[in-house]
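To find a chain, count down the sequence lines: A is the first, B the second, and so on, and within it residues start at 1.
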Amino acid sequence: MNTLIEIKKLKKDYYVGEVTVHALRGVDMLVSEGEFVAIMGASGSGKSTMLNILGCLDKPTDGAYILDGMNISDLSRNQLASYRNRKLGFVFQSYNLLPRTSALDNVELPLLYNSSVSAKERRERALHSLELVGLLDRMHHKPNQLSGGQQQRVAIARSLINDPVVILADEATGNLDTRTSFEIMALFQDLNDKGKTVVFVTHEADIAKCAKRNIIFKDGMILRENIVSDRILANEMLATIPVEVDI
Amino acid sequence: MSIKNLLKIALAALLRNKMRAFLTMLGIIIGVASVIAMLGIGQGSKMSIQQQIAGMGLNLVSVVPGSQQRGGVQFGASTMQSLKENDVNAILSDCPSVLAVTPEVRGSGQVVFGSANWPTSLYGENESYLQIRERSVQSGRMFTDREITSASKVCLLGATVVKNLFGAGADPVGSIIRFKKVPFLVIGVLSPKGLNTFGQDQDDLLLAPYTTVQKRVLAITYIQGIFTSAIDSKSTDIAAKQIEETVRRQHKLKATDQDDFSIRNQTELLSTFSSVSDILTVLLGVIAGISLLVGGIGIMNIMYVSVTERTREIGLRMAIGGKGIDILLQFLTESILLSVTGGIIGIILGIVASKIIGSVMAWPVIILPGSEILSFAVCTVIGVFFGWYPARKASSLDPIDALRYE
């Protein structure tokens with residue numbers, strides 16, 4: 001397996017007034033291609049900071065972060081934006097879809113910032129992404145015409161359109177009920193089976209068990225790491241959860 | 001980012017809030033429409049004043065008797081009898097910049113035909129009058145040189161006189177009318193000219209050979225004014241200078257003597273009126289410009305609200321690869337699209353409004369071809385100027401903070 005993410009002695013400090021907050025105090029981490037990693041931790045443990053850095057939205061204060069062979073610390077703000085555009089897929093807790101914009105247009109959005117992709121190719125890839133998440137029949141629906149789970153699937157389709165090396169999900173199931181959460185996890189597992197690397201942050205133990213490996217943060221450091229032995233297959237889990245019926 | 005994608009993004013963002021986009025544009029629409037209409041009205045009034053003054057004879061240079069001192073007493077200008085027929089001939093022969101000259105004598109009184117009568121003015125002129133005053137004969141003919149020499153009792157009528165003596169549409173040519181008991185044969189009718197700038201009816205007159213008016217009506221030998229036409233409108237100043245020298249020589253004035261006449265030309269009048277209507281145009285333009293400015297501030301305000309409201313959208317765009325410059329250009333494009341679209345609608349509306357105002361109020365309205373282009377340019381500048389600061393704010397957001405913004 002090729003190493004995709006390599007983090008060495010990574011530190012991140014924030015300066016709030018005169019107080020220095022050490023959000024990350026020396027993290028070492030490796031993620032290989034095709035992995036499915038869940039990052040867990042209490043609030044303030046540094047897991048969100050870690051995800052921001054993994055997502056190239058923030059640069060470390062010290063240490064190295066090498067993503068797909070590129071040291072992120074060497075890149076400028078604009079270069080980071082381009083790198084995110086080509087290498088990363090984001091899934092957020094609150095979906096962050098553009099309101100009053102069709103699912104198809106929402107999915108196309110990242111490619112509008114990549115001028116090497118033609119309008120025709122953009123459309124084709126958006127349709128393919130929507131097909132992967134099973135929402136091809138809803139492509140002209142606007143976010144307010146979709147359920148929470150469907151909106152999150154549109155967001156996942158959007159994260160897939162640039163064929164990223166890794167999908168980063170931040171509490172992607174945080175706003176969803178249990179059943180829908182497992183539907184989303186089933187989708188992630190399916191994508192992971194197809195070879196996509198997935199890194200996500202969660203604080204729900206059940207959801208974390210859907211991953212292949214868990215990394216637990218505490219006080220800005222990795223507390224422990226473990227391979228998930230009793231991995232939950234979301235599809236099997238779904239069979240045990242009854243579908244809620246409208247009365 | 002390509003321009004095509006940029007336009008697609010900005011347009012989609014605007015179309016998500018159609019009502020708001022329209023209301024934002026409304027400020028610009030009203031601003032531009034009023035600028036166009038106000039400048040149109042201002043230009044129209046300027047043009048009409050110019051035309052009327054030009055209609056009085058733009059090349060006109062007139063000589064009237066001036067006030068004069070005799071034995072220490074200053075005499076009023078109108079009482080002077082200093083201008084003579086010889087002056088007219090001298091001007092015609094000695095002033096190369098003068099094209100045509102007519103003496104003028106005037107009398108006012110009641111003109112009578114049958115049972116109808118009408119108070120009017122009788123103007124005694126020579127045959128150059130039509131050319132100098134830019135008038136023409138509608139029916140009949142002008143009097144001839146011979147009729148001037150012989151002081152024939154012939155006259156031409158203005159349209160107002162015809163209407164009041166003969167009734168509208170009647171042909172008075174061949175009739176005999178009386179002015180101060182002197183019978184005149186009507187030989188022609190002047191084309192109507194309407195009111196002049198000062199509201200005087202230019203058709204309320206009788207026109208006769210000056211010799212006839214001098215000898216048979218007023219019984220005088222002097223003339224009351226000399227009207228000349230310069231070879232073109234640029235030569236009026238030179239013509240005035242030449243006339244002054246000629247008349248001074250004729251009047252045998254010494255170098256130390258005052259002029260016993262005064263010379264006027266229309267260019268002064270024209271520039272006075274032009275500057276008045278220029279002030280009017282500037283005033284209207286400034287008021288309209290202020291409304292355009294308010295419209296621009298409206299855009300800035302909405303763009304500001306929009307940036308705050310769409311903070312998470314901006315965060316998302318940055319996360320998925322939008323650079324600072326992309327975000328800046330997006331918001332700038334949005335504000336330019338708003339102002340330019342508003343500007344185009346405003347130009348159309350302004351032209352339509354001008355035409356309506358022009359036809360309803362019977363005001364002349366002239367849309368200068370430059371004013372649309374100018375408005376268009378101003379709108380683009382407004383879009384950039386008022387869009388810049390909000391766009392700048394949007395592009396400088398931190399993606400992490402923006403994504404978390406509630």
Side-chain angles (χ1 to χ4, degrees), chain A residues 12 14 23 48-49 51-53 55-59 76-102 104-119 122 142-144 155 158-162 164 168 170-171, chain B residues 1-22 302 305-334 337 391-406:
Chain A
K12 179 70 189 177
Y14 287 112
S48 291
T49 308
L51 196 74
N52 286 341
I53 291 173
C56 303
L57 293 166
D58 212 349
K59 286 207 253 183
S76 70
R77 205 178 133 119
N78 281 346
Q79 285 170 323
L80 280 178
S82 297
Y83 207 61
R84 287 196 295 269
N85 185 249
R86 282 181 286 120
K87 299 284 183 183
L88 297 173
F90 286 95
V91 180
F92 304 95
Q93 180 175 358
S94 49
Y95 330 129
N96 279 335
L97 299 178
L98 294 185
R100 276 166 264 176
T101 305
S102 72
L104 190 60
D105 285 339
N106 260 301
V107 172
E108 278 190 3
L109 196 62
L111 292 188
L112 283 175
Y113 292 94
N114 184 347
S115 43
S116 64
V117 179
S118 70
R122 192 167 68 218
K142 303 200 163 119
N144 58 354
R158 181 180 63 196
S159 76
L160 289 169
I161 193 169
N162 58 347
L168 297 167
D170 185 7
E171 302 272 14
Chain B
M1 190 167 29
S2 69
I3 289 173
K4 206 177 132 200
N5 288 355
L6 183 67
L7 281 173
K8 188 179 153 75
I9 287 173
L11 204 62
L14 288 178
L15 291 178
R16 259 187 275 147
N17 268 313
K18 292 191 190 70
M19 190 63 188
R20 177 194 284 186
F22 173 73
I302 288 297
V305 173
S306 180
V307 167
T308 310
E309 193 187 80
R310 287 155 66 190
T311 302
R312 286 169 68 101
E313 176 193 325
I314 294 163
L316 171 80
R317 288 181 186 277
M318 286 176 160
I320 61 174
K323 300 185 184 84
I325 184 84
D326 295 333
I327 306 296
L328 182 89
L329 287 176
Q330 176 190 338
F331 280 85
L332 216 50
T333 308
E334 282 183 31
L337 277 177
R392 179 84 219 164
K393 189 187 161 197
S395 69
S396 59
L397 287 173
D398 181 60
I400 298 166
D401 294 338
L403 277 168
R404 294 239 174 83
Y405 185 84
E406 292 297 333

Above 12 or not: heavy atoms from other molecules or residues under 6.0 Å from NZ of A/K142? no

Taking every non-hydrogen pair under 4.5 Å, which of A/L112, A/N162, A/T101 racks up the most with chain B? A/L112

Looking at every heavy atom in both B/G324 and A/N78, which two are closest together, and how far apart are they? N-OD1, 3.9 Å

Is the CZ atom of B/R392 crowded by more than 12 outside heavy atoms at less than 6.0 Å? no

Tell me which of these, A/S159, A/S94, A/S116, has more heavy-atom pairs under 4.5 Å with chain B than the rest. A/S94

Decide whether B/R310 and B/N17 meet the rule of one side-chain donor and one side-chain acceptor closer than 3.5 Å. no

Chain A-proximal positions within residues 312-321 of chain B [heavy-atom distance under 4.5 Å]: B/R312, B/E313, B/L316, B/R317, B/M318, B/A319, B/I320, B/G321

After noting the C-alpha distance and the side-chain angles of B/F331 and B/S395, does the key distance pass the side-chain contact (heavy atoms from CB on, under 4.5 Å) rule? CA-CA 9 Å; B/F331 280 85; B/S395 69; over 6 Å; no

Under the salt bridge (Lys or Arg N to Asp or Glu O under 4.0 Å) rule, collect the residues that match up with A/K87, sequence neighbours excluded. A/D68

Under 4.5 Å from any heavy atom of chain B, what part of A/L88 do you find: side chain, backbone, both or neither? neither

Please state whether the side chain, the backbone, both or neither of A/R158 comes within less than 4.5 Å of a heavy atom of chain B. side chain

Between the main-chain N or O of A/R100 and the side-chain N or O of A/N144, is there a donor-acceptor pair closer than 3.5 Å? no

Name the option with the most non-hydrogen atom pairs under 4.5 Å to chain B; the candidates are A/L80, A/L98, A/N114. A/L98

Can you list the residues that meet the ring pair (Phe, Tyr, Trp, His ring centres under 6.0 Å) rule with A/F92, with sequence neighbours excluded? A/F90

With sequence neighbours excluded, residues passing side chain to side chain contact (heavy atoms under 4.5 Å, CB included) with A/K12: A/Y14, A/L24, A/T49, A/I53, A/D58, A/T61

What part of A/P99 is in contact with chain B, defined as an atom under 4.5 angstrom from a non-hydrogen atom: side chain, backbone, both or neither? both

